[in-house]
Structure formats: structure tokens, C-alpha cells
Trainee: 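Got a structure for you, questions after.
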Amino acid sequence: MHTQSPFLSAIHSHCRKCTCGFEKCSTPCHFIEHMLEILIMNTPDQHKDQIYRSITTR
């Protein structure tokens, strides 16, 4: 059984309660930035460049 990541759970939980409106709310972006920072910090150096490229070239 697939369990949802804590970050997605936090975003969903926030969005169910938030009254800002999806276009105006920056909280999900902050969650995603934090998740990416953790991902980059925990990635071996030889893979960091590949992650940066995949994030920035879309």
C-alpha cells in the first residue's frame, strides 16, 4: 500500500483549511522549497548537478 509523503500530507492538510485561494497562497510553495532543500542536502555530490538541472530546465 502506498502512503503519502509527509510533505504532500501537509500541503493537502493546509489546502483543505486555507481561505487564501489557490492562486494567492504561497504555503505549498514553501513546503516544496523545504522538501527540495532536504533532498539536495541528502544527495551525494555527484548527483546534485543532475537534480539542479532537472528542477531548473522544465
Side-chain angles (χ1 to χ4, degrees):
M1 184 172 154
H2 178 72
T3 56
Q4 194 172 45
S5 79
F7 284 101
L8 282 177
S9 294
I11 290 170
H12 286 158
S13 175
H14 172 81
C15 290
R16 280 193 294 274
K17 297 180 226 156
C18 183
T19 58
C20 292
F22 187 74
E23 290 81 16
K24 294 183 180 124
C25 185
S26 62
T27 300
C29 292
H30 295 302
F31 278 124
I32 293 166
E33 284 174 348
H34 186 62
M35 179 181 63
L36 290 173
E37 285 173 13
I38 291 171
L39 175 69
I40 296 295
M41 285 189 309
N42 292 312
T43 298
D45 286 342
Q46 66 266 28
H47 299 304
K48 286 183 181 180
D49 189 49
Q50 181 182 356
I51 291 173
Y52 284 127
R53 277 198 311 267
S54 68
I55 291 170
T56 58
T57 58
R58 301 223 177 240

Trainee: Donor-acceptor pairs under 3.5 angstrom involving side-chain atoms of residues 19-40: please list them, not counting sequence neighbours.
Mentor:
| unit_1 | atom_1 | unit_2 | atom_2 | d |
| --- | --- | --- | --- | --- |
| Ser26 | OG | His30 | NE2 | 3.3 |

Trainee: Got a donor-acceptor contact below 3.5 angstrom from the Thr56 side chain to the Tyr52 backbone?
Mentor: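 Side chain of Thr56 to backbone of Tyr52, a donor-acceptor pair under 3.5 Å: yes, one is there.
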Trainee: Please find the pair of heavy atoms, one from Met41 and one from Lys48, that lie closest to each other, and give the distance.
Mentor: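 Of all heavy-atom pairs spanning Met41 and Lys48, the closest is O-NZ, 4.4 Å.
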Trainee: Distance check, rounded to the nearest 0.5 Å: Ser9 atom OG versus His14 atom NE2?
Mentor: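 Reported to 0.5 Å precision, the distance equals 14.5 Å.
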